[in-house]
S.K.: 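Dumping the structure here so I can ask a few things about it.
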Amino acid sequence: MKAFAMLGIGKTGWIEKERPKCGPLDAICRPVALAPCTSDVHTVWEGALGNRHNMILGHESVGEVVEAGSLVKDFKPGDRVIVPAITPDWNSLEAQAGYSMHSGGMLAGWKFSNFKDGVFSEYFHVNDADGNLALLPEELDPGTACMLADMVPTGFHGVELADLQFGDDVVVIGIGPVGLMSVAAAALRGAARLFAVGSRPNCIQIAKEYGATDIIDYHKGDIADQIMEKTGGKGVDRIVIAGGDADTFAQAIRMLKPGGKIGNVNYLGEGDFIKIPRIEWGCGMGHKFIAGGLMPGGRLRMEKLTSLVTNGRLDPGKLITHRFDGLGKVEDALMLMKDKPRDLIKPVVVIK
Ligand code: NDP
Ligand code: ZN
């Protein structure tokens with residue numbers, strides 16, 4: 001089969017590979033919609049997972065089941081499905097403990113284009129099909145549904161990690177596609193004042209449409225200084241980090257109220273340590289909480305988030321700025337993600 005792969009750090013290309021085999025609990029799918037992710041860029045051009053040779057890229061997809069294992073109960077060939085980026089082993093002890101994303105080891109629920117080949121391929125393998133796939137509702141456009149594979153659950157998980165409560169004042173740092181979904185989730189969960197940090201004009205426009213009340217441009221001064229000024233020196237209750245750099249955590253601690261919580265879903269790609277400012281952390285006694293996590297994945301979460309879309313509460317289709325046709329275009333879509341033109345939020349490739 002034909003597939004688009006990482007050939008080595010900084011190198012990509014089309015390769016031929018054997019079609020994956022279907023175990024009794026698994027499914028083999030063909031892609032119907034695919035999207036590249038900022039994480040694919042970290043993987044190829046920053047060597048985030050170390051050097052990989054001929055590893056098929058991609059973890060965001062909507063697919064059609066072409067083969068279902070003998071023990072799969074709820075899916076059959078021909079079913080169109082949303083495939084979460086994170087596909088845990090649901091019978092693992094980690095999943096039983098509530099941390100499905102770490103089933104089999106830290107971050108090991110992230111299998112596509114990490115522990116096994118990804119989805120930018122004529123066919124791909126899904127483990128634990130009953131536990132991980134969700135049926136694609138007929139009325140849902142596959143390109144839009146592809147945003148449910150990673151952008152929606154990751155952005156929403158940032159808000160869960162920050163434990164947002166009704167009436168909280170919130171900052172979402174970073175309003176790329178992940179952060180925009182955090183803005184939408186924060187509004188749905190009852191945020192009061194909702195600050196969004198970013199600078200791309202179309203991201204700002206869409207952040208406002210998803211419910212941001214204030215926009216902070218990080219080029220115009222330290223984020224913490226700007227937030228402290230706008231809140232009369234009080235700071236905020238909750239912070240979601242979905243973008244930023246090595247200084248972002250320090251800024252977040254500075255602008256967080258005592259008792260406040262930070263949810264991080266940003267990938268931290270550099271340095272050995274994160275600095276926490278001592279005084280602003282109450283000399284270690286400030287009750288300022290930090291949680292960082294990979295999204296949990298799985299079928300129930302996919303079905304519930306899909307239900308938000310089909311019931312008109314969330315429109316992740318607004319994230320899509322570029323559409324391509326055919327598997328062959330996945331390369332162009334990934335290069336777009338790498339080059340990040342200022343009008344890009346998220347590209348999607350639809351395959352007939
Ligand atoms: P983008 O690059 O599209 O967006 C990043 C955002 O951060 C932009 O709004 C950008 O602003 C803003 N930003 C950049 N630098 C700073 C800064 N110094 N201070 C404040 N804001 C800044 O990324 P994505 O939305 O695609 O992804 C976000 C992160 O989430 C990535 O690290 C990705 O790897 C990670 N991720 C994590 C997953 C998980 O399960 N935990 C899953 C998927 C992705 P501007 O408007 O100027 O561009
Ligand atoms: Zn992704």
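Numbering of ligands and ligand atoms starts at 1, following listing order.
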S.K.: Pick, from Thr154, Ile204, Asp217, the option with the minimum heavy-atom distance to atom 39 (C) of ligand 1.
M.R.: Thr154

S.K.: Quick one: does Asp150's side chain have a donor or acceptor within less than 3.5 Å of a partner on Ala85's backbone?
M.R.: no

S.K.: Looking at the Zn ion (ligand 2), which N/O/S atom of Asp150 is the nearest one?
M.R.: OD2

S.K.: Judging by distance only, is a nitrogen or oxygen of Tyr267 under 3.5 angstrom from one on ligand 1?
M.R.: yes

S.K.: For Asp74 and Asp130, indicate whether the former's side chain and the latter's backbone hold a donor-acceptor pair under 3.5 Å.
M.R.: no

S.K.: So between Lys346, His157, Arg200, His59, whose heavy atom ends up nearest atom 3 (O) of ligand 1?
M.R.: Arg200

S.K.: Is there a polar contact between ligand 1 and Arg342, counting only N or O atoms under 3.5 Å apart?
M.R.: no

S.K.: Identify the protein heavy atom lying closest to atom 29 (C) of ligand 1, giving its residue, its atom name and the separation to 0.1 Å.
M.R.: Asn266 OD1, 3.3 Å

S.K.: Just one of Ile241, Asp214, Ile239, Ile216 clears the side-chain contact (heavy atoms from CB on, under 4.5 Å) bar with Val171, so which one?
M.R.: Ile239

S.K.: Using 30° and 60° as the class boundaries, would you call the ring planes of Phe4 and Phe120 parallel, tilted or perpendicular?
M.R.: tilted

S.K.: Taking both backbone and side-chain atoms of Gly179, is any N or O found less than 3.5 Å from an N or O belonging to ligand 1?
M.R.: no

S.K.: Is the shortest heavy-atom distance from the side chain of Phe289 to the side chain of Leu256 under 4.5 Å?
M.R.: no

S.K.: Can you find an N or O of Val178 that's nearer than 3.5 Å to an N or O of ligand 1?
M.R.: yes

S.K.: Spell out, as yes or no, whether a donor-acceptor pair under 3.5 Å connects the side chain of Asp117 to the backbone of Ile56.
M.R.: yes

S.K.: Taking Arg342 for the side chain and Asn202 for the main chain, is one N or O donor matched with an acceptor at less than 3.5 Å?
M.R.: no

S.K.: Side chain of Asp245, backbone of Asp247: donor and acceptor closer than 3.5 Å?
M.R.: yes

S.K.: Consider every N or O of His219 and every N or O of ligand 1, then say whether any pair is closer than 3.5 Å.
M.R.: no

S.K.: Is it the side chain (CB and beyond), the backbone, both or neither of Pro177 that lies under 4.0 Å from ligand 1, heavy atoms counted?
M.R.: both

S.K.: So, is Thr248 polar-close to ligand 1, with some N/O to N/O distance under 3.5 Å?
M.R.: no

S.K.: Can you tell me if Asp168 uses its side chain to pair, donor with acceptor, with the backbone of Val170 under 3.5 Å?
M.R.: no

S.K.: Out of Ile175, Ile86, Ile216, who is nearest to atom 9 (O) of ligand 1 when you count heavy atoms only?
M.R.: Ile175

S.K.: In the protein, which heavy atom is nearest to atom 24 (P) of ligand 1, and how far is it?
M.R.: Thr38 OG1, 3.5 Å

S.K.: If you have a sec, work out which protein heavy atom is nearest atom 46 (O) of ligand 1 and how many Å separate them, to one decimal?
M.R.: Ser199 N, 2.8 Å

S.K.: Would one find an N or O of Cys37, backbone or side chain, under 3.5 Å from an N or O of ligand 1?
M.R.: no

S.K.: Give the residue, atom name and distance (to 0.1 Å) of the protein heavy atom nearest atom 36 (N) of ligand 1.
M.R.: Val265 O, 3.7 Å

S.K.: Looking at Arg30 and Glu64, is there a salt bridge between them, counting it only when a charged N and a carboxylate O are closer than 4.0 Å?
M.R.: yes

S.K.: Distance-only, no hydrogens or angles: does the Glu280 side chain make a donor-acceptor pair with backbone N or O of Met255 under 3.5 Å?
M.R.: no

S.K.: Flag the pair Arg254 and Asp225 as a salt bridge only when some basic side-chain nitrogen lies within less than 4.0 angstrom of an acidic carboxylate oxygen.
M.R.: yes

S.K.: Looking only at atom types and distance, does a side-chain atom of Tyr123 sit under 3.5 Å from a main-chain N or O of Glu18, one as donor and one as acceptor?
M.R.: no

S.K.: Can you tell me which residue and heavy atom of the protein come closest to atom 6 (C) of ligand 1, and the distance to 0.1 Å?
M.R.: Gly174 CA, 3.5 Å

S.K.: Checking a contact table here: which protein heavy atom is nearest atom 2 (O) of ligand 1, and how many Å away?
M.R.: Lys340 NZ, 2.9 Å

S.K.: If the cut-off is 4.0 Å to any non-hydrogen atom of Asp245, which atoms of ligand 1 fall inside it?
M.R.: 18 (N)

S.K.: Would you say Glu60 reaches the Zn ion (ligand 2) with an N/O/S atom under 2.8 Å?
M.R.: yes

S.K.: Answer yes or no for Cys203: is there a heavy-atom contact with ligand 1 below 4.0 Å?
M.R.: no

S.K.: Closest non-hydrogen protein atom to atom 14 (C) of ligand 1, residue and atom name please, with distance?
M.R.: Tyr218 OH, 3.4 Å

S.K.: Hey, is Leu180 touching ligand 1 through its side chain, its backbone, both or neither, going by heavy atoms under 4.0 Å?
M.R.: neither

S.K.: Do side-chain atoms of Lys288 reach the backbone of Gly282 as a donor and acceptor pair under 3.5 angstrom?
M.R.: no

